[in-house]
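Step one of this worksheet: look at the structure below.
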Amino acid sequence: MKKTAVIFSMALLMLAALSSFQAQAADNVQVLVWTSNGGYHVEVEALKGNATDWGYDINTLETGLNATVLEGIDILIVNAPDYVLTAEVAVINTWFGAESDRGLWVVGESDYGGYWYPHGLNTTHVGVNDVVMAVGGHIFIQDDAVNDEVMNDGSGYRVVASVPNLDDNPAKYIMKGVENISMHGPANVVAYKSYTGTGRNVTGVMDKEFDDHDYQWLIKTSSTGAVADQDFDDDAYWEGYAVGVNESIPMAACEWDLTDSKNKLVLTGESIFADYKNMFDIATRYRNNTALQNPEMTHNILDWFSGKLSMGAPGFEIMTVFIALAIIPAIARRRK
């Protein structure tokens, strides 16, 4: 009887541990969407509503970024600001490397009319690519725009990216259940094997196949996508894919094991989670009601950052339940 009591107590302890684990997991992950310094897509109300159900609290900020603002934040979304102050880059870099299990999502924009540059404006008002460089990343926003004259939401600049990466790990898990993503006026992403310089003076070696570092592309345009130089500057700043060539172009990418804290980075060429032009929706607005999975991709990215994304292996809680339930029949048999 004593052995039976001990085994039964162990089972209860395991179940208690599971309850504690689930209670901790129920605490919402804190996300900050930072849309400042001229950023346009400030409305994320649909995301806020969905994210609460996913286990995330969406905080928003439209003013300057400092260390105090980032206290308690687990995931930072740098939402396509026109520029980032060098002091803000330093704050982001310090926050990102200070603890593990942090995610950084950097968003781009197209170069429409020369109003937005990934390299910023000058040496003090830099761009989102400087944020990536600061944390040691190798995936960047190309200083151009993308059109797709076939796969779009009624016009070429309203790109619907439609070629997800379902082969590579972790990309195939981040893109699970995702086929089409609305990207209204986006830029594309580009990977560099290596680079030197800062700001407007960066030169690098492009990695078109995404096979040189711990990074992967997530989704591309259809084969009718093409880079467009809309501001006609024809410069050499943060370039990559050739202008005017029809090809499947990467529009989002991920990178991992950055800084000593081994944290994660995602880049998207547009604010796929924003209310703007109904991007965060389940169907296109103008083109044949094509199904969209912007919510699913956003959810998967947040889960990848926070470690909640299922990667095919059973979790701790499943094993705990299995062990506890397996013990109880054994106890019953011994008592007969």
Side-chain angles (χ1 to χ4, degrees), residues 27-66 69-84 88 91-92 95-96 102-110 112 115-116 118 127-128 131 141 153 158-161 174 177-178 180-187 189 218-219 251-252 254 264-285 291-306 308-309:
D27 294 336
N28 282 0
V29 177
Q30 298 301 304
V31 180
L32 176 63
V33 180
W34 180 50
T35 313
S36 184
N37 302 342
Y40 293 94
H41 304 156
V42 297
E43 291 85 12
V44 291
E45 295 307 310
L47 170 62
K48 287 181 180 179
N50 281 269
T52 300
D53 293 336
W54 301 340
Y56 298 89
D57 289 334
I58 302 297
N59 307 276
T60 59
L61 180 67
E62 298 177 35
T63 57
L65 196 67
N66 56 56
V69 170
L70 287 177
E71 289 179 2
I73 296 299
D74 304 297
I75 298 169
L76 172 63
I77 301 177
V78 178
N79 190 22
D82 273 351
Y83 61 86
V84 186
E88 292 168 333
V91 166
I92 294 170
W95 165 84
F96 189 62
R102 286 183 169 169
L104 175 62
W105 184 342
V106 175
V107 178
E109 264 285 3
S110 70
Y112 51 99
Y115 293 110
W116 194 89
V128 296
V131 174
I141 303 295
D153 186 8
R158 293 196 285 260
V159 176
V160 175
I174 299 173
V178 178
N180 303 304
I181 296 298
S182 174
M183 306 183 82
H184 188 104
V189 300
L218 294 175
I219 194 165
M251 305 300 289
C254 65
K264 299 168 183 173
L265 171 70
V266 163
L267 264 71
T268 55
E270 185 51 279
S271 311
I272 67 169
F273 47 80
D275 296 343
Y276 183 73
K277 302 299 182 181
N278 296 81
M279 274 188 288
F280 193 76
D281 208 341
I282 60 173
T284 53
R285 302 169 71 202
L292 298 173
Q293 292 82 40
N294 287 52
E296 286 85 350
M297 183 171 173
T298 301
H299 188 182
N300 289 350
I301 289 172
L302 296 179
D303 279 0
W304 182 62
F305 280 149
S306 63
K308 296 195 291 184
L309 185 66

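Just so it is clear, the values below take in all heavy atoms, side chains as well, and ignore hydrogens, waters and symmetry mates. Note that the numbering runs from 1 along the sequence shown for the chain.
In this structure the side chain of Leu104 reaches within 4.5 angstrom of the side chain of Val78, judged on heavy atoms.
A donor-acceptor contact shorter than 3.5 Å is absent between the side chain of Trp105 and the backbone of Phe305.
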Could you check Trp54 against Thr298 for side-chain contact (heavy atoms from CB on, under 4.5 Å), going step by step and ending with a plain yes or no?
CA-CA 11 Å; Trp54 301 340; Thr298 301; 4.2 Å; yes

Report the C-alpha distance between Val107 and His41 in whole Å, list the side-chain angles of each, state the deciding distance to 0.1 Å, and finish with yes or no for side-chain contact (heavy atoms from CB on, under 4.5 Å).
CA-CA 11 Å; Val107 178; His41 304 156; over 6 Å; no

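Note that CG of Asn59 is 10.5 Å distant from CD1 of Ile77, once rounded to the nearest 0.5 Å. The distance from the CE atom of Met279 to the CD atom of Glu270 is 4.0 Å, given to the nearest 0.5 Å. Annotation: the span from Asn278 atom CG to Arg285 atom CZ amounts to 4.5 Å, rounded to 0.5 Å. The CD atom of Glu296 sits 7.5 Å away from the CD1 atom of Ile181 when rounded to the nearest 0.5 Å.
The salt bridge (Lys or Arg N to Asp or Glu O under 4.0 Å) test applied to Lys48 returns Glu45, not counting sequence neighbours. In this structure, the side-chain contact (heavy atoms from CB on, under 4.5 Å) partners of Asp74, at least two apart in sequence or on a different chain, are Val29, Gln30.
Side chains of Ser271 and Asn79: a donor on one and an acceptor on the other come within 3.5 Å.
The nearest pair of heavy atoms linking Asp153 to Thr284 is OD1-CB, 3.3 Å.
Two rings, from Tyr40 and Trp116, have their centers 6.0 Å or more apart.
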